[in-house]
Amino acid sequence: MRVLGISAFYHDSAAALIEDGRIVAAVQEERFTRKKHDPSFPHHSVQYCLEAAGVGLAGVDQVAFYDKPFLKFERLLETYVALAPHGFRSFKMAIPLWMKEKLFQKSLLRKYLKEFDAEFASEKLLFTEHHLSHAASAFYPSPFDHAVVLTMDGVGEWATTSAAIGKGNALEIFQEIHFPHSLGLLYSAVTYYTGFKVNSGEYKLMGLAPYGEPRFVKLILDNLIDLKADGSFRLDMSYFDYCIGLTMTSDRFEKLFGAPVRKPDQLLTPFHMDVAASIQAVLEEAVLRLPRSLARRTGLPNLCLAGGVALNCVANGKVLRDGKFERIWIQPAAGDAGGAIGAALGVYHQFKEQPRTVAGADGMLGSFLGPEFSQSDVERRLTAVGARFTVLSEEQMIETTAQSLANQLAVGWFQGRMEFGPRSLGARSILGDARSHSMQKNLNLKVKYRESFRPFAPAVLREDLAEWFDLDSESPYMLVVAGVREDRRRATTAEQQALFGIDKLNVARSEVPAVTHVDYTARIQTVSPETNPLFYRLLKAFKAKTGCPMLVNTSFNVRGEPIVCTPEDAFNCFMGNELDMLVVGNCVVRKSKQNPDLKRDYSAAFELD
């Protein structure tokens with residue numbers, strides 16, 4: 001039995017195909033259209049999923065959409081009516097769009113699906129609730145037969161936080177917190193206030209937090225959020241404008257903090273860093289209290305996490321270390337894109353009542369669920385765009401790449417199936433030497449063209465993890481932050497300790513400074529031969545040369561660009577930044593050998609993310 005899952009029309013549109021309960025393919029539309037967070041119907045993604053399964057849409061038994069538009073419209077109307085006459089400008093802008101398109105998404109979906117199958121029957125199309133899609137995406141691929149499932153995001157139809165119990169093929173939500181009270185929207189409001197883009201810049205806010213001091217925590221807890229001991233909460237909506245206005249925060253919010261909203265082109269100051277540190281601390285406390293309460297209430301040993309808040313890897317690390325649950329599994333595509341997988345799995349196991357088989361590590365196949373290209377196809381595509389390359393054997397390619405990395409070169413690495421979700425995990429990655437003092441700044445400023453403070457993650461051999469970090473459990477999806485071991489840290493002088501803000505960035509804090517945050521932590525990806533054998537072999541080769549079992553691993557793109565999908569995307573990005581070398585399949589492309597006429601300028605090619 002095949003089920004096609006679709007998420008669309010808000011942000012991060014995606015499609016996923018399930019075959020007899022197994023995930024065959026999943027991909028975000030942005031990777032094909034090259035529009036970051038593309039919200040449009042995922043035409044290309046659906047086409048890819050069908051091709052990966054070797055079927056047409058006629059060969060699909062059900063199509064599942066990840067939320068229920070009528071319930072969202074109900075929430076919109078009830079909110080405007082409850083707060084009338086305030087919010088009329090927002091109402092006037094939103095209602096025509098809903099009346100023209102969003103309210104009739106079933107008809108719109110049917111129209112698009114008929115482009116794949118003219119005989120597509122309406123009864124094949126089903127809708128699942130947003131938080132149920134998230135919960136299903138977390139529980140069904142997890143390695144647990146029985147678990148608590150916690151979903152935290154901005155908002156679905158009404159729910160912003162929900163708790164469910166999964167057992168076998170059954171999944172039932174038993175507790176919810178409703179809009180407008182939302183941890184995700186609280187964090188997004190501060191993202192907006194500090195000058196970053198909502199639904200994109202939350203990563204920046206998390207990365208900025210270690211540079212500041214959490215001196216506004218009491219201010220936030222006393223005014224913005226009433227956080228209870230069990231993790232439940234309410235927001236004081238007088239400080240926010242997202243219900244009825246055109247911005248995230250109100251004038252009262254600005255008066256509370258004593259400063260206006262930062263414009264994206266304004267310099268970041270210690271004040272903004274302190275705000276970031278404060279909201280991160282408040283979020284972590286809320287995210288800690290919720291699992292503690294659920295552990296006491298259910299007595300279950302396993303926890304699954306999904307929803308956009310579950311991408312906050314700092315908070316995830318604290319939940320793991322808190323130890324209230326023995327094991328934790330986080331959906332790697334925890335945001336809306338992952339809803340496509342959850343919708344499909346939910347329909348398969350719940351609506352169709354199909355049995356569930358618990359996978360070994362998990363059912364996400366390392367999240368390598370996107371397009372791949374044969375060696376002959378790679379060579380043909382690179383030749384067509386004018387690339388000059390050398391074809392090596394696989395062993396030679398690994399040896400050459402490992403040596404180049406040991407020589408401090410920045411390398412674009414393009415291998416196998418593309419990752420599903422926001423993280424590059426060793427298939428569409430930019431790699432560097434974690435031992436380098438200058439690698440973080442150089443990759444940010446010269447390769448990624450983004451803010452210098454943005455942190456990078458170490459991809460580390462699983463068997464060497466505990467020798468370098470205060471963690472000894474799987475973290476294959478780069479979703480947990482842990483401390484660097486004391487014996488790997490470097491002491492800082494009194495002068496260095498007195499530095500504040502971005503000045504802290506220039507201080508080497510461990511033997512692997514390129515991946516060590518200013519608070520001596522790192523966002524860890526563990527690599528094992530089962531999930532990514534080629535990347536594992538590269539790490540082993542690098543360790544043999546250097547003694548270091550890890551590499552800097554960041555997404556293969558520049559600021560504002562989606563992660564590269566095709567060999568052409570990889571070459572264009574390579575020629576648009578200061579990467580030294582590109583490895584696509586067994587093809588090695590060196591910058592010094594390329595036609596200078598093909599050089600591009602990617603430094604301002606994409607909109608700020």
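Hydrogens, waters and symmetry mates play no part in the numbers below; they use all other heavy atoms, side chains included. We number each residue from 1, following the sequence as shown.
- Using a 3.5 Å distance cut-off with no hydrogens or angles, the side chains of His181 and Arg234 do pair a donor with an acceptor.
- Take Gln47 and apply the side-chain hydrogen bond (donor to acceptor under 3.5 Å, both in side chains) test, not counting sequence neighbours, and it matches Glu51.
- Between Glu284 and Lys318, at least one side-chain nitrogen of the basic residue sits less than 4.0 Å from a carboxylate oxygen of the acidic one, meeting the salt-bridge criterion.
- Across Thr160 and Gly154, no two heavy atoms sit closer than the pair CG2-O, 3.2 Å.
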Would Ile165 and Leu300 count as a side chain to side chain contact (heavy atoms under 4.5 Å, CB included) if you check the C-alpha gap in whole Å, the side-chain angles of each, and the deciding distance to 0.1 Å?
CA-CA 9 Å; Ile165 297 288; Leu300 293 175; 3.7 Å; yes
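- One distance of note links CD1 of Ile279 with OG1 of Thr194; it measures 10.0 Å at 0.5 Å rounding.
- A heavy-atom distance below 4.5 Å is found between the side chains of Leu109 and Leu125.
- Under the 4.0 Å criterion applied to side-chain N and carboxylate O atoms, Arg428 and Glu419 are not assigned as salt-bridge partners.
- At a cut-off of 3.5 Å, with distance as the only test, a side-chain donor of Asp362 or Trp329 sits close to an acceptor on the other residue.
- Rounding to the nearest 0.5 Å places CD1 of Ile18 at 6.0 Å from CD1 of Ile341.
- Arg31 and Gly421 get closest at one heavy-atom pair: NH2-O, 2.8 Å.
- The heavy-atom pair separating Phe116 from His43 by the smallest distance is CZ-O, 3.5 Å.
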With ring pair (Phe, Tyr, Trp, His ring centres under 6.0 Å) as the criterion, how do Tyr192 and Phe253 come out once you've worked through the C-alpha distance, each side chain's angles and the decisive distance to 0.1 Å?
CA-CA 12 Å; Tyr192 165 81; Phe253 190 104; 8.7 Å; no
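- Interatomic distance, CD of Glu353 versus OH of Tyr348, reported as 12.5 Å (0.5 Å rounding).
- Side chain to side chain, Thr249 and Asp241 fail the donor-acceptor criterion of an N or O pair below 3.5 Å.
- Side chains of Tyr193 and Glu254: a donor-acceptor N/O pair is absent below 3.5 angstrom, by distance only.
- Side-chain N or O atoms of Ser250 include one that pairs as donor or acceptor with a backbone N or O of Arg252 at under 3.5 Å.
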Between Leu294 and Leu150, is the side chain to side chain contact (heavy atoms under 4.5 Å, CB included) condition met? List the steps.
CA-CA 9 Å; Leu294 291 170; Leu150 176 60; 4.0 Å; yes
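- Partner of Ser162 under the side-chain hydrogen bond (donor to acceptor under 3.5 Å, both in side chains) criterion, out of Glu176, His178, His131, Gln175: His131 alone.
- For the atom pair OH of Tyr48 and CG of Leu17, the computed distance is 10.0 Å after rounding to the nearest 0.5 Å.
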Working for side chain to side chain contact (heavy atoms under 4.5 Å, CB included), residues Ile524 and Val480
CA-CA 6 Å; Ile524 293 163; Val480 171; 5.9 Å; no
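- Although no hydrogens or angles enter the test, the distance criterion places no donor-acceptor pair under 3.5 Å between the side chain of Arg327 and the main chain of Pro301.
- Between Ala209 and Ala276 the shortest heavy-atom distance is CB-O, 3.7 Å.
- Ion pairing between Lys36 and Glu30 fails under the 4.0 Å rule for side-chain N and carboxylate O.
- You'll find the side chain of Phe368 reaches within 4.5 Å of the side chain of Leu425, heavy atoms only.
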Run Gln280 and Tyr187 through side-chain hydrogen bond (donor to acceptor under 3.5 Å, both in side chains) and show every step you take.
CA-CA 8 Å; Gln280 178 64 32; Tyr187 204 81; 2.7 Å; yes
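- Note that the CG atom of Asn312 and the CD1 atom of Ile330 stand 10.0 Å from one another [nearest 0.5 Å].
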Using salt bridge (charged side-chain N to carboxylate O under 4.0 Å, His left out), reason through Lys228 and Asp230 one step at a time and then give a plain yes or no.
CA-CA 5 Å; Lys228 303 299 185 184; Asp230 64 356; over 6 Å; no
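- Cation-pi contact between Arg292 and Phe325: absent, since separation from the ring centre below 6.0 Å together with deviation from the ring axis within 45° is not met.
- For the pair Arg356 and Phe139, the distance from NZ or CZ to the six-membered ring centre is under 6.0 Å and the angle to the ring normal is within 45 degrees.
- Judged by distance alone, the side chains of Glu202 and Ser188 do bring a donor and an acceptor atom under 3.5 Å apart.
- Lys448 contributes a side-chain N or O that, together with a main-chain N or O of Ser555, makes up a donor-acceptor pair within less than 3.5 Å.
- Counting only residues at least two apart or on different chains, the side-chain hydrogen bond (donor to acceptor under 3.5 Å, both in side chains) pairs with a member in residues 214-225 are Arg215-Asp274, Lys218-Asp222, Asn223-Tyr239.
- Checked for salt-bridge contact, Lys263 and Asp265 miss the test: no charged N lies under 4.0 Å from a carboxylate O.
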Hey, mind stepping through Thr33 and Asp38 against side-chain hydrogen bond (donor to acceptor under 3.5 Å, both in side chains) and telling me if it holds?
CA-CA 8 Å; Thr33 63; Asp38 192 339; 2.7 Å; yes
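- Between Phe271 and Phe257, the angle of the ring planes goes over 60°, which puts this pair in the perpendicular group of the 30/60° scheme.
- Under 3.5 Å, the side chains of Ser133 and His130 contain no donor-acceptor pair of N or O atoms.
- Checked by atom type and distance alone, the side chain of Glu29 pairs as donor or acceptor with a backbone atom of His44 at under 3.5 Å.
- Only one option out of Asn199, Asp336, Asp12 pairs with His37 in a side-chain hydrogen bond (donor to acceptor under 3.5 Å, both in side chains); it is Asp12.
- Between the side chain of Gln354 and the backbone N or O of Lys352, at least one donor-acceptor pair lies under 3.5 Å.
- Residue Glu172 places its CD atom among 12 or fewer non-hydrogen atoms of other residues, nucleotides or ligands, all under 6.0 Å distant.
- Heavy atoms of other residues, nucleotides or ligands lying less than 6.0 angstrom from NZ of Lys124 number more than 12.
- Here the side chain of Lys114 pairs a donor or acceptor atom with the backbone of Phe120 at under 3.5 angstrom.
- In terms of heavy-atom proximity, Pro422 sits nearest to Leu311 at CG-CD2, 4.1 Å.
- A donor-acceptor pair under 3.5 Å links the side-chain atoms of Gln331 to the main chain of Ser137, judged by distance alone.
- Aromatic ring pairs are classed by plane angle as parallel below 30°, tilted from 30° to 60° and perpendicular above 60°; the pair Phe65 and Phe127 is perpendicular.
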Starting from the C-alpha separation in whole Å, work towards a yes-or-no answer on side chain to side chain contact (heavy atoms under 4.5 Å, CB included) for Leu303 and Leu305.
CA-CA 7 Å; Leu303 174 68; Leu305 296 174; 4.0 Å; yes
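- Judged by distance alone, with hydrogens and angles left aside, the side-chain atoms of Glu157 form a donor-acceptor pair with the main-chain N or O of Lys68 at under 3.5 Å.
- Formation of a donor-acceptor pair under 3.5 Å by the Ser367 side chain with backbone atoms of Met364 is not found in this model.
- Here Leu171 contributes atom CG and Ile173 contributes atom CD1; the two are 7.0 Å apart, rounded to the nearest 0.5 Å.
- Thr161 contributes no side-chain N or O that, together with a main-chain N or O of Met152, makes up a donor-acceptor pair within less than 3.5 Å.
- The two residues Pro214 and Ala281 have their closest heavy-atom pair at CB-CB, 4.3 Å.
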